[in-house]
Amino acid sequence: GEEAGAGAEEEGAQVMMREQPFLLASGPWVEVRDGNLTAATLYDRHYSRNRGAVGCPRIVGPGERIVLLTPCVRGLFVWRQFDSKDESAKPGDVNCAIFRNEGAGLSSDLILAAEDHAWAKWPGERLYTYVNARRVRSANPGYCFKRAGWRVCGVTKTRKLLILEK
């Protein structure tokens with residue numbers, strides 16, 4: 001009885017590791033593919049999610065990208081390098097397109113760890129993000145980015161989004 005149970009447990013663990021690679025993480029972030037259902041579910045709860053796209057597994061637009069999940073699957077971070085219409089974004093700049101933290105750790109620490117992924121792929125490039133001050137619940141919009149060493153560098157012309165950079 002015991003031997004049969006041990007074999008089934010071992011087989012189940014192998015299947016789980018194959019299906020859930022983030023369980024093997026050595027840091028706060030694990031790279032996953034755009035289309036990961038867990039990432040899409042987290043993004044569905046983000047204020048910037050297009051309500052007509054809720055449930056769609058693809059969450060990142062065109063361009064190069066890095067999609068990161070925390071091993072506990074309560075944090076999502078997306079980097080994207082693309083040709084932006086925003087005049088403050090220059091060719092080569094890397095955009096934090098999505099950051100969602102539902103209790104995965106201190107947001108500023110997660111941002112700092114995500115920066116390592118961006119700079120490994122795009123060394124030395126400017127990192128930037130947009131924050132909609134009207135949609136976040138903070139009296140200090142972008143506070144977690146500021147704590148991670150980012151600075152406010154402007155506001156977009158049309159939607160009046162706060163622009164932060166590092």
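Bear in mind the structure is a predicted one, so any value in this text is a computation, not a measurement. For reference, positions follow the sequence shown, starting with 1.
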Discussion item. Checking K121 now: which residues fulfil salt bridge (Lys or Arg N to Asp or Glu O under 4.0 Å) with it, not counting sequence neighbours?
Written reply: E64

Practice prompt. Flag yes if more than 12 heavy atoms outside D83 fall under 6.0 Å of its CG atom; otherwise flag no.
Written response: no

Discussion item. Suppose we screen for side chain to side chain donor-acceptor pair (under 3.5 Å). Which residues come up paired with D93, at least two apart in sequence or across chains?
Written reply: R126

Worksheet entry | Listed partners of F82 passing ring pair (Phe, Tyr, Trp, His ring centres under 6.0 Å), at least two apart | none

Worksheet item: Does any N or O in the side chain of R65 come within less than 3.5 Å of the main-chain N or O of G63, such that one atom is a donor and the other an acceptor?
Response: yes

Practice prompt. State, yes or no, whether a side-chain contact exists between V94 and R80 at a heavy-atom distance under 4.5 Å.
Written response: no

Worksheet item: Does the side-chain contact (heavy atoms from CB on, under 4.5 Å) test come out yes or no for V155 and I163, once each step is laid out?
Response: CA-CA 5 Å; V155 176; I163 306 169; 5.7 Å; no

Practice prompt. Hey, can you tell me if F99 and F145 have their rings parallel, tilted or perpendicular (30° and 60° cut-offs)?
Written response: perpendicular

Practice prompt. With sequence neighbours left out, write down each residue that passes ring pair (Phe, Tyr, Trp, His ring centres under 6.0 Å) with W122, or none if nothing qualifies.
Written response: none

Practice prompt. Please examine the side chains of L68 and I66, heavy atoms only from C-beta on, and report whether any two atoms are closer than 4.5 Å.
Written response: yes

Practice prompt. Indicate the atoms forming the closest heavy-atom contact of C144 with S108, along with that distance.
Written response: O-CB, 3.5 Å

Fill in: Minimal non-hydrogen separation, T129 against N95, with atom names
CA-ND2, 4.0 Å

Response to the item:
side chain to side chain donor-acceptor pair (under 3.5 Å) filter on S107, not counting sequence neighbours, yields N101

Worksheet item: Are W119 and K166 close enough that some pair of their side-chain heavy atoms sits under 4.5 Å apart?
Response: yes

Worksheet item: Any side-chain heavy-atom pair from I111 and W150 closer than 4.5 angstrom?
Response: yes

Worksheet item: Are V136 and V131 close enough that some pair of their side-chain heavy atoms sits under 4.5 Å apart?
Response: yes

Worksheet, complete the sentence: Shortest non-hydrogen pair, L164 vs G142, comes out as CD2-O, 4.0 Å

Item to complete: Output yes when a side-chain donor or acceptor of S138 lies under 3.5 Å from a complementary backbone atom of N140, and no otherwise.
Response: yes

Discussion item. What I'd like to find out is whether the side chain of C96 reaches to under 4.5 Å of the side chain of F77, using heavy atoms alone.
Written reply: yes

Practice prompt. May I ask whether Y143 and L112 are part of the same hydrophobic cluster, defined by side-chain heavy atoms of I, L, V, M, F, W, Y residues being less than 4.5 angstrom apart, directly or through others?
Written response: no

Response to the item:
Closest heavy-atom pair, V30 versus P71, reported as atoms and distance to 0.1 Å, is CG2-CG, 4.4 Å

Worksheet entry | Shortest non-hydrogen contact between A114 and W79, atoms and distance | O-NE1, 2.9 Å

Fill in: Listed partners of E102 passing salt bridge (Lys or Arg N to Asp or Glu O under 4.0 Å), at least two apart
R45, R100

Worksheet item: What pairs with D116 under side chain to side chain donor-acceptor pair (under 3.5 Å), at least two apart in sequence or on another chain?
Response: none

Item to complete: If a pair satisfies salt bridge (Lys or Arg N to Asp or Glu O under 4.0 Å) and one of its residues is in residues 139-153, list it, with sequence neighbours excluded.
Response: R151-E165

Practice prompt. Could you tell me whether the side chain of L76 reaches within less than 4.5 Å of the side chain of V67, counting heavy atoms only?
Written response: yes

Worksheet, complete the sentence: Sorted by chain and residue number, the side chain to side chain contact (heavy atoms under 4.5 Å, CB included) partners of A113 (sequence neighbours excluded) come out as P28, W29

Discussion item. With a 3.5 Å distance limit and no angle check, can you tell me whether R74 reaches the backbone of T70 through a side-chain donor-acceptor pair?
Written reply: no

Worksheet item: So, for L110 and A104, which heavy atoms are closest and what is the spacing to 0.1 Å?
Response: CD1-CB, 4.0 Å

Discussion item. Is the shortest side-chain heavy-atom distance between L42 and L69 below 4.5 Å?
Written reply: yes

Worksheet item: Run the side-chain contact (heavy atoms from CB on, under 4.5 Å) check on R134 and K160 step by step: do they pass?
Response: CA-CA 9 Å; R134 296 173 307 281; K160 305 297 182 210; 3.9 Å; yes

Worksheet item: With sequence neighbours excluded, what pairs up with K157 under the side chain to side chain donor-acceptor pair (under 3.5 Å) test?
Response: E87

